[in-house]
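Each remark here refers to the structure printed beneath this line.
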Amino acid sequence: MDSTTAAPATRAWQDDGSSRVPFSVYTSADLHRRELERFFYRGHWNYVGLSAEIPAPGDFKRTLIGERSVLLVRDQDGGINVVENVCAHRGVSFCRERFGNKRNFRCPYHQWNYDLKGNLIGLPFRRGVRQDGKTNGGMPADFTLEEHGLTKLAVAVRHGVVFASFDPAVESLEAFLGPAVLGYFDRVFDGRELKVLGYSKQRIPGNWKLMQENIKDPYHPGLLHSWFVTFGLWRADQRSEMVTDAHGRHACMISRRNEGGASEVTQGVASFKEKMTLHDDRILDVVPEDWWGGPSVVMMTLFPGLIIQQQVNSLSTRHIQPDGPDHFNFVWTHFGFADDTPEMERRRLRQANLFGPAGLVSADDGEVIELSQVGFRQKPDAATYAELDGRGTGGADHMVTETLIRSMYAYWRRVMEV
Amino acid sequence: MANPAVLDFPAYYALIALQADYAAALDAGEWERWPEFFLDDCVYTLQPRENYDRGLPLATIALESKGMLLDRVYGIRETLFHDPYYQRHVTGLPLIRGMEGDTILTETSYAVFRTKQDQLSEVMNVGRYLDRVQPTGSGLKFAARLCVFDSEMIPNSVIYPI
Ligand SMILES: [Fe+2]
(Lines give C-alpha, C1' and ligand atoms only; values in the text may rest on other atoms or scores of the structure.)
Protein backbone atom coordinates (compact mmCIF):
# COMPACT_ATOMS: atom_id res chain seq x y z
CA MET A 1 0.00 0.00 0.00
CA ASP A 2 1.20 3.48 -0.80
CA SER A 3 1.59 5.05 2.59
CA THR A 4 1.84 8.54 1.14
CA THR A 5 -1.70 8.54 -0.25
CA ALA A 6 -3.65 6.34 2.17
CA ALA A 7 -5.02 7.95 5.30
CA PRO A 8 -3.39 6.51 8.41
CA ALA A 9 -6.69 5.17 9.79
CA THR A 10 -7.43 3.40 6.50
CA ARG A 11 -4.08 1.71 6.57
CA ALA A 12 -4.67 0.57 10.13
CA TRP A 13 -7.62 -1.71 9.31
CA GLN A 14 -6.01 -5.12 8.90
CA ASP A 15 -8.73 -6.68 6.76
CA ASP A 16 -12.17 -6.07 5.29
CA GLY A 17 -13.91 -7.19 8.49
CA SER A 18 -15.11 -5.24 11.47
CA SER A 19 -13.82 -7.29 14.40
CA ARG A 20 -10.49 -5.49 14.79
CA VAL A 21 -11.10 -1.82 15.21
CA PRO A 22 -7.92 0.26 15.03
CA PHE A 23 -7.38 2.23 18.22
CA SER A 24 -6.99 5.37 16.11
CA VAL A 25 -10.69 5.09 15.21
CA TYR A 26 -11.35 6.27 18.76
CA THR A 27 -8.78 9.06 18.87
CA SER A 28 -8.47 10.66 15.44
CA ALA A 29 -9.74 14.24 15.17
CA ASP A 30 -10.13 13.86 11.39
CA LEU A 31 -12.29 10.78 11.70
CA HIS A 32 -14.28 12.48 14.42
CA ARG A 33 -15.14 15.40 12.14
CA ARG A 34 -16.19 12.98 9.43
CA GLU A 35 -18.36 11.04 11.91
CA LEU A 36 -20.13 14.23 12.95
CA GLU A 37 -20.77 15.09 9.32
CA ARG A 38 -21.91 11.64 8.19
CA PHE A 39 -23.73 10.29 11.26
CA PHE A 40 -24.91 13.26 13.27
CA TYR A 41 -25.56 15.86 10.56
CA ARG A 42 -26.53 13.76 7.54
CA GLY A 43 -28.69 10.74 6.76
CA HIS A 44 -29.60 9.88 10.37
CA TRP A 45 -32.28 10.81 12.89
CA ASN A 46 -30.97 12.05 16.20
CA TYR A 47 -32.82 12.09 19.50
CA VAL A 48 -33.58 15.51 20.93
CA GLY A 49 -36.08 14.78 23.71
CA LEU A 50 -39.52 13.72 24.82
CA SER A 51 -42.60 15.72 23.91
CA ALA A 52 -43.56 15.53 27.61
CA GLU A 53 -40.61 17.85 28.28
CA ILE A 54 -42.30 20.67 26.38
CA PRO A 55 -46.02 20.16 27.04
CA ALA A 56 -47.33 23.72 26.50
CA PRO A 57 -47.14 26.15 23.56
CA GLY A 58 -43.96 28.21 23.89
CA ASP A 59 -42.16 25.55 25.96
CA PHE A 60 -38.65 24.90 24.75
CA LYS A 61 -35.65 22.74 25.59
CA ARG A 62 -32.06 23.37 24.54
CA THR A 63 -30.05 20.27 23.62
CA LEU A 64 -27.41 18.98 21.22
CA ILE A 65 -27.20 17.02 18.02
CA GLY A 66 -23.62 15.93 17.72
CA GLU A 67 -21.79 19.08 18.75
CA ARG A 68 -24.42 21.55 17.46
CA SER A 69 -26.78 23.33 19.86
CA VAL A 70 -30.45 23.05 18.90
CA LEU A 71 -33.79 24.10 20.38
CA LEU A 72 -36.78 21.87 20.62
CA VAL A 73 -39.85 24.09 20.84
CA ARG A 74 -43.62 23.71 20.82
CA ASP A 75 -45.32 26.41 18.76
CA GLN A 76 -48.72 28.06 19.24
CA ASP A 77 -50.35 25.42 17.03
CA GLY A 78 -49.03 22.63 19.26
CA GLY A 79 -46.50 21.46 16.69
CA ILE A 80 -42.92 20.61 17.64
CA ASN A 81 -40.10 22.38 15.83
CA VAL A 82 -36.36 21.96 16.09
CA VAL A 83 -34.15 24.90 15.11
CA GLU A 84 -30.46 25.55 15.40
CA ASN A 85 -29.40 27.81 18.26
CA VAL A 86 -27.37 30.18 16.06
CA CYS A 87 -28.61 33.63 15.09
CA ALA A 88 -28.72 34.19 11.33
CA HIS A 89 -27.22 37.64 11.78
CA ARG A 90 -23.87 37.29 13.56
CA GLY A 91 -23.94 33.71 14.76
CA VAL A 92 -24.76 34.26 18.41
CA SER A 93 -25.79 31.15 20.32
CA PHE A 94 -28.70 33.19 21.58
CA CYS A 95 -30.63 30.81 23.85
CA ARG A 96 -28.89 30.21 27.16
CA GLU A 97 -31.62 28.63 29.32
CA ARG A 98 -31.97 24.86 29.11
CA PHE A 99 -35.76 24.93 29.58
CA GLY A 100 -38.30 27.70 29.51
CA ASN A 101 -41.30 29.23 27.82
CA LYS A 102 -41.20 32.04 25.26
CA ARG A 103 -43.49 33.77 22.78
CA ASN A 104 -40.57 34.15 20.40
CA PHE A 105 -36.78 33.99 20.40
CA ARG A 106 -34.84 37.22 20.46
CA CYS A 107 -31.10 37.40 19.97
CA PRO A 108 -29.62 39.67 22.68
CA TYR A 109 -27.00 41.20 20.38
CA HIS A 110 -29.12 43.14 17.84
CA GLN A 111 -32.60 41.96 18.81
CA TRP A 112 -33.34 39.90 15.74
CA ASN A 113 -36.63 38.21 16.49
CA TYR A 114 -37.70 34.72 15.48
CA ASP A 115 -41.03 32.99 15.91
CA LEU A 116 -41.32 29.54 17.45
CA LYS A 117 -40.96 27.89 14.04
CA GLY A 118 -37.63 29.64 13.48
CA ASN A 119 -38.88 32.27 11.01
CA LEU A 120 -37.29 35.70 11.24
CA ILE A 121 -40.16 38.07 12.07
CA GLY A 122 -38.42 41.34 12.69
CA LEU A 123 -35.21 43.24 13.33
CA PRO A 124 -34.39 46.76 14.41
CA PHE A 125 -33.55 49.44 11.81
CA ARG A 126 -34.44 47.26 8.86
CA ARG A 127 -35.59 50.38 6.95
CA GLY A 128 -32.96 52.61 8.50
CA VAL A 129 -33.32 55.55 10.86
CA ARG A 130 -34.66 58.90 9.71
CA GLN A 131 -32.62 61.86 10.82
CA ASP A 132 -32.55 65.43 9.45
CA GLY A 133 -34.84 64.51 6.56
CA LYS A 134 -32.81 61.58 5.31
CA THR A 135 -32.76 57.87 6.02
CA ASN A 136 -29.57 56.45 7.43
CA GLY A 137 -28.66 52.84 7.01
CA GLY A 138 -31.20 50.06 6.74
CA MET A 139 -30.96 46.70 5.04
CA PRO A 140 -30.45 46.47 1.27
CA ALA A 141 -33.53 46.59 -0.98
CA ASP A 142 -33.21 42.88 -1.76
CA PHE A 143 -33.31 41.87 1.93
CA THR A 144 -36.14 39.50 2.83
CA LEU A 145 -37.10 38.04 6.19
CA GLU A 146 -37.72 34.65 4.57
CA GLU A 147 -34.08 34.22 3.65
CA HIS A 148 -32.74 34.85 7.14
CA GLY A 149 -34.54 32.48 9.46
CA LEU A 150 -32.91 30.00 11.81
CA THR A 151 -31.80 26.67 10.40
CA LYS A 152 -34.89 24.46 10.62
CA LEU A 153 -34.41 20.76 11.08
CA ALA A 154 -36.56 17.89 9.88
CA VAL A 155 -38.60 16.60 12.84
CA ALA A 156 -40.13 13.19 13.54
CA VAL A 157 -42.24 12.58 16.63
CA ARG A 158 -43.21 9.00 17.38
CA HIS A 159 -45.30 8.21 20.45
CA GLY A 160 -43.85 11.07 22.45
CA VAL A 161 -40.20 10.74 21.40
CA VAL A 162 -38.74 13.53 19.29
CA PHE A 163 -36.00 13.07 16.70
CA ALA A 164 -34.53 15.65 14.36
CA SER A 165 -32.19 15.77 11.41
CA PHE A 166 -30.18 18.51 9.73
CA ASP A 167 -30.67 16.49 6.53
CA PRO A 168 -33.93 17.38 4.74
CA ALA A 169 -33.54 14.27 2.57
CA VAL A 170 -33.37 11.83 5.49
CA GLU A 171 -35.63 8.78 5.14
CA SER A 172 -38.68 8.36 7.39
CA LEU A 173 -37.98 7.57 11.05
CA GLU A 174 -39.80 4.24 10.65
CA ALA A 175 -37.63 3.24 7.67
CA PHE A 176 -34.54 4.47 9.52
CA LEU A 177 -35.25 2.17 12.47
CA GLY A 178 -36.42 -0.79 10.40
CA PRO A 179 -39.30 -3.11 11.37
CA ALA A 180 -37.61 -5.22 14.06
CA VAL A 181 -36.13 -2.30 16.01
CA LEU A 182 -39.30 -0.27 15.51
CA GLY A 183 -41.26 -3.10 17.15
CA TYR A 184 -39.12 -2.87 20.29
CA PHE A 185 -39.31 0.93 20.20
CA ASP A 186 -43.10 0.72 20.18
CA ARG A 187 -43.01 -1.81 23.01
CA VAL A 188 -41.79 0.95 25.36
CA PHE A 189 -43.37 3.90 23.56
CA ASP A 190 -46.81 2.68 22.59
CA GLY A 191 -48.46 6.10 22.70
CA ARG A 192 -49.05 6.23 26.44
CA GLU A 193 -48.41 9.63 27.99
CA LEU A 194 -44.91 9.81 29.44
CA LYS A 195 -43.88 11.45 32.70
CA VAL A 196 -40.35 12.80 33.11
CA LEU A 197 -38.85 11.84 36.49
CA GLY A 198 -35.59 13.77 36.14
CA TYR A 199 -32.12 13.99 34.70
CA SER A 200 -28.60 12.76 35.38
CA LYS A 201 -25.58 14.07 33.51
CA GLN A 202 -22.06 12.76 33.38
CA ARG A 203 -18.99 13.65 31.36
CA ILE A 204 -17.09 10.57 30.32
CA PRO A 205 -13.50 10.89 29.09
CA GLY A 206 -13.84 8.42 26.25
CA ASN A 207 -14.87 8.24 22.61
CA TRP A 208 -18.66 8.38 22.09
CA LYS A 209 -18.74 5.07 20.18
CA LEU A 210 -17.59 3.24 23.30
CA MET A 211 -21.00 3.86 24.86
CA GLN A 212 -22.75 2.44 21.80
CA GLU A 213 -20.46 -0.58 22.05
CA ASN A 214 -21.11 -0.97 25.77
CA ILE A 215 -24.84 -1.40 25.14
CA LYS A 216 -24.19 -3.72 22.19
CA ASP A 217 -22.02 -5.93 24.36
CA PRO A 218 -23.85 -8.71 26.21
CA TYR A 219 -20.48 -10.28 27.08
CA HIS A 220 -19.62 -7.81 29.86
CA PRO A 221 -22.66 -7.33 32.15
CA GLY A 222 -22.37 -10.72 33.81
CA LEU A 223 -18.65 -10.14 34.36
CA LEU A 224 -18.19 -6.45 35.17
CA HIS A 225 -21.44 -5.96 37.07
CA SER A 226 -21.55 -8.26 40.10
CA TRP A 227 -25.02 -7.06 40.99
CA PHE A 228 -26.47 -8.34 37.76
CA VAL A 229 -25.03 -11.81 38.20
CA THR A 230 -25.80 -12.18 41.85
CA PHE A 231 -29.45 -11.18 41.56
CA GLY A 232 -30.11 -12.89 38.24
CA LEU A 233 -30.76 -9.66 36.36
CA TRP A 234 -28.27 -10.47 33.63
CA ARG A 235 -26.14 -13.57 33.17
CA ALA A 236 -24.76 -15.68 30.42
CA ASP A 237 -27.26 -18.55 30.67
CA GLN A 238 -30.37 -16.46 30.30
CA ARG A 239 -32.71 -16.80 27.40
CA SER A 240 -31.81 -13.85 25.31
CA GLU A 241 -31.80 -12.42 21.85
CA MET A 242 -29.62 -9.95 19.98
CA VAL A 243 -31.47 -8.07 17.26
CA THR A 244 -30.14 -5.62 14.73
CA ASP A 245 -31.55 -3.71 11.75
CA ALA A 246 -30.72 -4.48 8.12
CA HIS A 247 -27.76 -2.06 8.22
CA GLY A 248 -26.36 -3.34 11.52
CA ARG A 249 -26.36 0.13 13.04
CA HIS A 250 -29.15 -0.15 15.63
CA ALA A 251 -29.56 -3.02 18.06
CA CYS A 252 -31.64 -4.51 20.83
CA MET A 253 -30.30 -6.72 23.61
CA ILE A 254 -33.24 -8.66 24.96
CA SER A 255 -33.16 -10.84 28.02
CA ARG A 256 -35.30 -12.49 30.67
CA ARG A 257 -34.53 -12.36 34.32
CA ASN A 258 -33.85 -15.64 36.13
CA GLU A 259 -33.73 -16.42 39.80
CA GLY A 260 -30.09 -15.61 40.43
CA GLY A 261 -27.90 -17.59 42.81
CA ALA A 262 -25.08 -19.94 41.97
CA SER A 263 -25.01 -22.09 38.84
CA GLU A 264 -22.61 -23.36 36.22
CA VAL A 265 -22.14 -19.90 34.71
CA THR A 266 -21.26 -18.28 38.00
CA GLN A 267 -18.38 -20.67 38.58
CA GLY A 268 -15.16 -18.95 37.72
CA VAL A 269 -16.84 -15.54 37.48
CA ALA A 270 -14.65 -13.56 39.84
CA SER A 271 -17.30 -10.95 40.46
CA PHE A 272 -19.98 -13.40 41.62
CA LYS A 273 -20.85 -12.95 45.30
CA GLU A 274 -22.81 -15.96 46.43
CA LYS A 275 -23.24 -14.74 49.98
CA MET A 276 -24.33 -11.27 49.01
CA THR A 277 -27.65 -10.35 50.55
CA LEU A 278 -29.27 -6.96 50.89
CA HIS A 279 -30.09 -5.24 54.14
CA ASP A 280 -32.98 -3.54 52.37
CA ASP A 281 -34.13 -5.32 49.24
CA ARG A 282 -36.68 -2.73 48.09
CA ILE A 283 -34.18 -1.75 45.40
CA LEU A 284 -35.00 -5.09 43.75
CA ASP A 285 -38.74 -5.02 44.30
CA VAL A 286 -39.39 -5.88 40.66
CA VAL A 287 -43.02 -6.03 39.55
CA PRO A 288 -43.55 -7.33 35.99
CA GLU A 289 -45.64 -5.05 33.78
CA ASP A 290 -48.10 -6.27 31.16
CA TRP A 291 -46.47 -4.35 28.34
CA TRP A 292 -43.15 -6.21 28.77
CA GLY A 293 -44.64 -9.14 26.89
CA GLY A 294 -41.97 -11.53 28.22
CA PRO A 295 -38.53 -9.90 28.32
CA SER A 296 -37.53 -8.19 31.56
CA VAL A 297 -34.68 -6.28 29.96
CA VAL A 298 -34.50 -4.64 26.54
CA MET A 299 -31.57 -2.33 25.91
CA MET A 300 -31.81 -0.50 22.59
CA THR A 301 -29.03 1.36 20.82
CA LEU A 302 -30.21 3.71 18.10
CA PHE A 303 -27.27 4.84 16.05
CA PRO A 304 -25.58 7.19 16.50
CA GLY A 305 -26.65 8.94 19.70
CA LEU A 306 -29.40 7.25 21.72
CA ILE A 307 -29.82 4.40 24.14
CA ILE A 308 -33.28 3.40 25.36
CA GLN A 309 -33.18 1.50 28.61
CA GLN A 310 -35.78 -0.84 30.01
CA GLN A 311 -34.21 -2.70 32.90
CA VAL A 312 -37.05 -4.28 34.84
CA ASN A 313 -39.09 -1.30 36.11
CA SER A 314 -36.46 1.35 35.37
CA LEU A 315 -36.79 3.33 32.15
CA SER A 316 -34.55 5.98 30.66
CA THR A 317 -33.32 7.55 27.50
CA ARG A 318 -29.57 8.09 27.45
CA HIS A 319 -28.37 10.74 25.05
CA ILE A 320 -24.79 10.58 23.80
CA GLN A 321 -23.40 14.06 23.10
CA PRO A 322 -19.89 13.82 21.66
CA ASP A 323 -17.34 16.51 22.46
CA GLY A 324 -14.26 15.82 20.41
CA PRO A 325 -12.90 12.29 19.96
CA ASP A 326 -11.87 11.92 23.61
CA HIS A 327 -15.01 12.94 25.54
CA PHE A 328 -18.74 12.74 25.50
CA ASN A 329 -21.49 14.00 27.74
CA PHE A 330 -24.06 11.41 28.68
CA VAL A 331 -27.50 12.70 29.59
CA TRP A 332 -30.01 10.37 31.23
CA THR A 333 -33.71 11.20 31.22
CA HIS A 334 -35.59 8.85 33.52
CA PHE A 335 -39.28 8.55 32.85
CA GLY A 336 -42.39 6.62 33.70
CA PHE A 337 -45.95 6.78 32.47
CA ALA A 338 -48.56 9.36 33.39
CA ASP A 339 -50.88 6.62 34.65
CA ASP A 340 -48.30 4.95 36.91
CA THR A 341 -49.50 4.38 40.46
CA PRO A 342 -47.48 6.23 43.13
CA GLU A 343 -46.05 2.82 44.12
CA MET A 344 -44.84 2.13 40.58
CA GLU A 345 -43.27 5.59 40.30
CA ARG A 346 -41.53 5.03 43.66
CA ARG A 347 -40.31 1.65 42.38
CA ARG A 348 -38.90 3.14 39.18
CA LEU A 349 -37.05 5.78 41.22
CA ARG A 350 -35.71 3.20 43.65
CA GLN A 351 -34.42 0.97 40.87
CA ALA A 352 -32.75 4.04 39.35
CA ASN A 353 -30.09 3.50 42.04
CA LEU A 354 -28.77 0.76 39.78
CA PHE A 355 -28.25 3.14 36.85
CA GLY A 356 -26.71 6.50 36.09
CA PRO A 357 -23.34 8.00 37.07
CA ALA A 358 -23.47 6.47 40.55
CA GLY A 359 -25.46 3.38 39.58
CA LEU A 360 -24.55 0.04 41.06
CA VAL A 361 -24.46 -1.49 37.57
CA SER A 362 -23.64 1.60 35.48
CA ALA A 363 -20.97 3.66 37.19
CA ASP A 364 -18.39 1.03 36.30
CA ASP A 365 -19.29 1.24 32.59
CA GLY A 366 -18.08 4.84 32.54
CA GLU A 367 -14.99 3.82 34.48
CA VAL A 368 -13.94 1.09 32.01
CA ILE A 369 -14.70 3.32 29.01
CA GLU A 370 -12.31 5.91 30.44
CA LEU A 371 -9.63 3.25 30.78
CA SER A 372 -10.16 1.97 27.22
CA GLN A 373 -9.55 5.49 25.96
CA VAL A 374 -6.31 5.64 27.98
CA GLY A 375 -5.16 2.46 26.26
CA PHE A 376 -6.14 3.71 22.80
CA ARG A 377 -4.08 6.87 23.28
CA GLN A 378 -1.13 4.89 24.54
CA LYS A 379 -0.91 2.37 21.70
CA PRO A 380 -2.10 4.03 18.48
CA ASP A 381 -1.03 1.23 16.14
CA ALA A 382 -3.00 -1.50 17.90
CA ALA A 383 -6.54 -2.71 17.27
CA THR A 384 -9.37 -4.24 19.31
CA TYR A 385 -10.18 -7.93 19.10
CA ALA A 386 -13.97 -8.36 19.10
CA GLU A 387 -14.25 -11.96 17.89
CA LEU A 388 -16.36 -13.61 20.58
CA ASP A 389 -18.70 -15.84 18.58
CA GLY A 390 -16.72 -15.41 15.37
CA ARG A 391 -16.21 -12.60 12.90
CA GLY A 392 -19.72 -12.38 11.47
CA THR A 393 -22.43 -9.77 11.83
CA GLY A 394 -26.19 -9.81 12.42
CA GLY A 395 -28.35 -11.05 15.28
CA ALA A 396 -27.93 -13.95 17.70
CA ASP A 397 -30.08 -16.07 20.01
CA HIS A 398 -27.66 -15.96 22.95
CA MET A 399 -25.45 -13.46 24.73
CA VAL A 400 -22.02 -15.03 24.36
CA THR A 401 -21.28 -12.83 21.38
CA GLU A 402 -19.80 -9.58 20.12
CA THR A 403 -21.76 -9.67 16.88
CA LEU A 404 -23.60 -6.40 17.51
CA ILE A 405 -20.31 -4.52 17.87
CA ARG A 406 -19.04 -6.01 14.62
CA SER A 407 -22.32 -5.13 12.92
CA MET A 408 -21.98 -1.50 13.98
CA TYR A 409 -18.40 -1.24 12.71
CA ALA A 410 -19.28 -2.90 9.41
CA TYR A 411 -21.87 -0.14 8.97
CA TRP A 412 -19.43 2.47 10.23
CA ARG A 413 -16.82 1.44 7.63
CA ARG A 414 -19.34 1.59 4.79
CA VAL A 415 -20.54 5.07 5.68
CA MET A 416 -17.13 6.41 6.61
CA GLU A 417 -15.50 4.87 3.52
CA VAL A 418 -12.45 3.68 5.43
CA MET B 1 -37.27 29.98 72.92
CA ALA B 2 -38.07 33.32 71.32
CA ASN B 3 -36.37 32.47 68.06
CA PRO B 4 -36.60 28.73 67.44
CA ALA B 5 -33.95 28.94 64.71
CA VAL B 6 -31.21 29.96 67.13
CA LEU B 7 -29.22 27.24 68.86
CA ASP B 8 -27.18 27.93 71.96
CA PHE B 9 -23.46 27.44 71.56
CA PRO B 10 -23.18 23.88 72.95
CA ALA B 11 -25.96 22.78 70.57
CA TYR B 12 -24.32 24.54 67.61
CA TYR B 13 -20.95 23.09 68.58
CA ALA B 14 -22.46 19.58 68.58
CA LEU B 15 -23.85 20.22 65.11
CA ILE B 16 -20.56 21.40 63.59
CA ALA B 17 -18.76 18.54 65.33
CA LEU B 18 -21.16 16.14 63.57
CA GLN B 19 -20.46 17.76 60.20
CA ALA B 20 -16.71 17.69 60.75
CA ASP B 21 -16.74 14.07 61.87
CA TYR B 22 -18.85 13.07 58.85
CA ALA B 23 -16.42 14.73 56.44
CA ALA B 24 -13.40 13.23 58.21
CA ALA B 25 -14.87 9.71 58.04
CA LEU B 26 -15.51 9.97 54.30
CA ASP B 27 -12.16 11.60 53.55
CA ALA B 28 -10.44 8.78 55.41
CA GLY B 29 -12.37 6.18 53.42
CA GLU B 30 -13.97 4.78 56.55
CA TRP B 31 -17.10 3.65 54.70
CA GLU B 32 -18.34 1.46 57.54
CA ARG B 33 -18.70 4.58 59.68
CA TRP B 34 -20.89 6.33 57.11
CA PRO B 35 -24.24 4.62 57.92
CA GLU B 36 -23.63 5.20 61.64
CA PHE B 37 -24.18 8.93 61.19
CA PHE B 38 -27.81 8.17 60.30
CA LEU B 39 -30.96 7.00 62.07
CA ASP B 40 -32.24 3.54 61.07
CA ASP B 41 -35.17 5.30 59.42
CA CYS B 42 -33.40 7.88 57.30
CA VAL B 43 -33.10 9.44 53.88
CA TYR B 44 -29.90 10.08 51.94
CA THR B 45 -29.97 11.54 48.46
CA LEU B 46 -27.45 12.95 46.02
CA GLN B 47 -29.46 15.00 43.57
CA PRO B 48 -28.71 17.43 40.73
CA ARG B 49 -29.86 20.94 41.53
CA GLU B 50 -31.80 21.02 38.27
CA ASN B 51 -34.05 18.17 39.45
CA TYR B 52 -34.41 19.64 42.94
CA ASP B 53 -35.31 23.11 41.69
CA ARG B 54 -37.82 21.81 39.14
CA GLY B 55 -39.47 19.40 41.56
CA LEU B 56 -38.34 16.35 39.58
CA PRO B 57 -37.92 13.40 41.95
CA LEU B 58 -34.98 11.60 40.33
CA ALA B 59 -31.80 11.52 42.38
CA THR B 60 -28.39 10.19 41.39
CA ILE B 61 -28.38 8.19 44.62
CA ALA B 62 -31.61 7.81 46.63
CA LEU B 63 -31.46 5.73 49.81
CA GLU B 64 -34.38 5.34 52.19
CA SER B 65 -33.02 3.44 55.19
CA LYS B 66 -29.79 2.73 57.00
CA GLY B 67 -30.02 -0.72 55.41
CA MET B 68 -29.74 0.84 51.96
CA LEU B 69 -26.68 2.82 53.12
CA LEU B 70 -25.10 -0.44 54.29
CA ASP B 71 -25.87 -1.98 50.87
CA ARG B 72 -24.20 0.97 49.15
CA VAL B 73 -21.11 0.44 51.31
CA TYR B 74 -21.06 -3.19 50.19
CA GLY B 75 -21.26 -2.02 46.58
CA ILE B 76 -18.30 0.33 47.09
CA ARG B 77 -16.24 -2.31 48.85
CA GLU B 78 -17.10 -5.39 46.84
CA THR B 79 -18.92 -4.91 43.56
CA LEU B 80 -18.32 -1.53 41.89
CA PHE B 81 -15.24 -1.51 39.73
CA HIS B 82 -13.70 1.97 39.81
CA ASP B 83 -10.50 3.87 39.52
CA PRO B 84 -9.42 4.48 43.12
CA TYR B 85 -9.43 8.06 44.34
CA TYR B 86 -9.12 10.21 47.42
CA GLN B 87 -11.83 12.65 48.21
CA ARG B 88 -11.61 15.76 50.36
CA HIS B 89 -14.63 17.58 51.71
CA VAL B 90 -14.59 21.27 52.57
CA THR B 91 -17.78 21.97 54.47
CA GLY B 92 -19.08 25.42 55.34
CA LEU B 93 -20.77 26.45 58.55
CA PRO B 94 -24.34 25.25 58.93
CA LEU B 95 -27.11 27.78 58.59
CA ILE B 96 -29.99 26.94 60.92
CA ARG B 97 -33.18 27.05 58.90
CA GLY B 98 -35.56 26.07 61.67
CA MET B 99 -36.59 23.53 64.26
CA GLU B 100 -39.31 20.89 64.23
CA GLY B 101 -39.61 19.75 67.81
CA ASP B 102 -36.04 18.84 68.68
CA THR B 103 -35.09 18.18 65.03
CA ILE B 104 -32.71 20.79 63.62
CA LEU B 105 -33.15 21.83 59.99
CA THR B 106 -29.90 23.07 58.48
CA GLU B 107 -28.29 24.01 55.21
CA THR B 108 -24.53 23.78 54.64
CA SER B 109 -22.39 24.38 51.54
CA TYR B 110 -19.83 21.80 50.56
CA ALA B 111 -17.14 21.23 47.96
CA VAL B 112 -15.64 17.82 47.31
CA PHE B 113 -12.28 17.53 45.60
CA ARG B 114 -11.18 14.31 43.93
CA THR B 115 -7.60 13.20 43.59
CA LYS B 116 -6.79 10.19 41.45
CA GLN B 117 -3.42 8.51 41.54
CA ASP B 118 -0.82 10.24 39.36
CA GLN B 119 -3.28 13.02 38.51
CA LEU B 120 -3.97 16.59 39.51
CA SER B 121 -6.64 17.26 42.12
CA GLU B 122 -9.95 18.41 40.69
CA VAL B 123 -13.28 19.76 41.85
CA MET B 124 -15.60 16.80 41.82
CA ASN B 125 -18.90 17.95 43.26
CA VAL B 126 -20.12 21.25 44.68
CA GLY B 127 -23.41 21.84 46.41
CA ARG B 128 -25.21 22.08 49.70
CA TYR B 129 -26.42 19.69 52.34
CA LEU B 130 -30.04 20.05 53.41
CA ASP B 131 -30.14 18.19 56.70
CA ARG B 132 -32.61 17.12 59.34
CA VAL B 133 -30.59 16.39 62.44
CA GLN B 134 -32.06 14.48 65.37
CA PRO B 135 -30.69 14.28 68.92
CA THR B 136 -30.48 10.69 70.18
CA GLY B 137 -29.07 8.88 73.19
CA SER B 138 -25.85 8.39 71.21
CA GLY B 139 -25.50 11.94 69.94
CA LEU B 140 -26.81 13.77 66.89
CA LYS B 141 -27.87 11.67 63.88
CA PHE B 142 -29.10 12.51 60.41
CA ALA B 143 -32.76 11.77 59.84
CA ALA B 144 -32.21 13.16 56.36
CA ARG B 145 -29.21 14.36 54.40
CA LEU B 146 -30.02 15.67 50.93
CA CYS B 147 -26.93 16.58 48.92
CA VAL B 148 -28.13 18.98 46.22
CA PHE B 149 -25.28 19.64 43.82
CA ASP B 150 -24.69 22.57 41.48
CA SER B 151 -22.13 20.71 39.36
CA GLU B 152 -23.60 20.37 35.88
CA MET B 153 -21.59 17.31 34.94
CA ILE B 154 -20.49 14.46 37.14
CA PRO B 155 -16.88 13.78 36.18
CA ASN B 156 -17.55 10.25 34.93
CA SER B 157 -18.85 8.66 38.10
CA VAL B 158 -19.59 9.02 41.79
CA ILE B 159 -18.63 5.92 43.74
CA TYR B 160 -18.09 7.07 47.33
CA PRO B 161 -20.64 8.95 49.41
CA ILE B 162 -20.63 12.75 49.45
FE1 LIG C 1 -22.43 -2.36 31.58
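A, B, ... follow the sequence lines: proteins, then strands. Residue 1 opens every chain. Everything numeric in this text was worked out from a predicted model, so none of it was measured.
- Among the candidates B:L69, B:I76, B:L80, the residue making the largest number of heavy-atom pairs closer than 4.5 Å to chain A is B:L80.
- Closest of all the heavy-atom pairs between B:M68 and A:I283 is CE-N, 4.4 Å.
- How far CD1 of A:I204 is from CE of B:M153: 10.5 Å, rounded to the nearest 0.5 Å.
- Taking a 6.0 Å sphere around OH of A:Y219, one finds it holds 12 or fewer heavy atoms contributed by other residues, nucleotides or ligands.
- Distance alone, capped at 3.5 Å, places no donor-acceptor pair between the A:D280 side chain and the B:D71 backbone.
- The neighbour count for A:D285 CG, taken as heavy atoms of other residues, nucleotides or ligands under 6.0 Å away, is above 12.
- Contact annotation for B:Q47: neither backbone nor side-chain heavy atoms come within less than 4.5 Å of a heavy atom of chain A.
- Contact of A:F99 with chain B is made through the side chain alone, with heavy-atom distances under 4.5 Å.
- Within a 6.0 Å radius of CD in A:E193, no more than 12 heavy atoms belonging to other residues, nucleotides or ligands are found.
- Remark: the backbone N or O of B:S157 is not paired with any side-chain donor or acceptor of A:Q202 at under 3.5 angstrom.
- Considering only heavy-atom pairs separated by less than 4.5 Å from chain B, the leading option among A:V331, A:V368, A:D364 is A:D364.
- Per-residue heavy-atom pair counts under 4.5 Å with chain B were compared for A:V196, A:V361, A:L278, and the maximum is reached by A:L278.
- Your options are B:N51, B:N156, B:D83, B:I61, and the one with the most heavy-atom pairs under 4.5 Å with chain A is B:N156.
- Using a 4.5 Å cut-off between heavy atoms, A:R348 makes no contact with chain B at all.
- Contact count versus chain A (heavy atoms, under 4.5 Å) is highest, among B:K66, B:R72, B:E50, for B:E50.
- Heavy atoms closer than 4.5 Å to chain B are found nowhere in A:I369, neither backbone nor side chain.
- Counting heavy-atom neighbours within 6.0 Å of B:K116 NZ, excluding the residue itself, gives a total above 12.
- In this structure, B:T60 and A:A358 approach most closely via the heavy-atom pair CG2-CB, 3.8 Å.
- Here B:S65 is the residue among B:S65, B:G75, B:P155 with the most heavy-atom pairs under 4.5 Å with chain A.
- In this structure, A:K201 and B:E152 approach most closely via the heavy-atom pair NZ-OE1, 2.9 Å.
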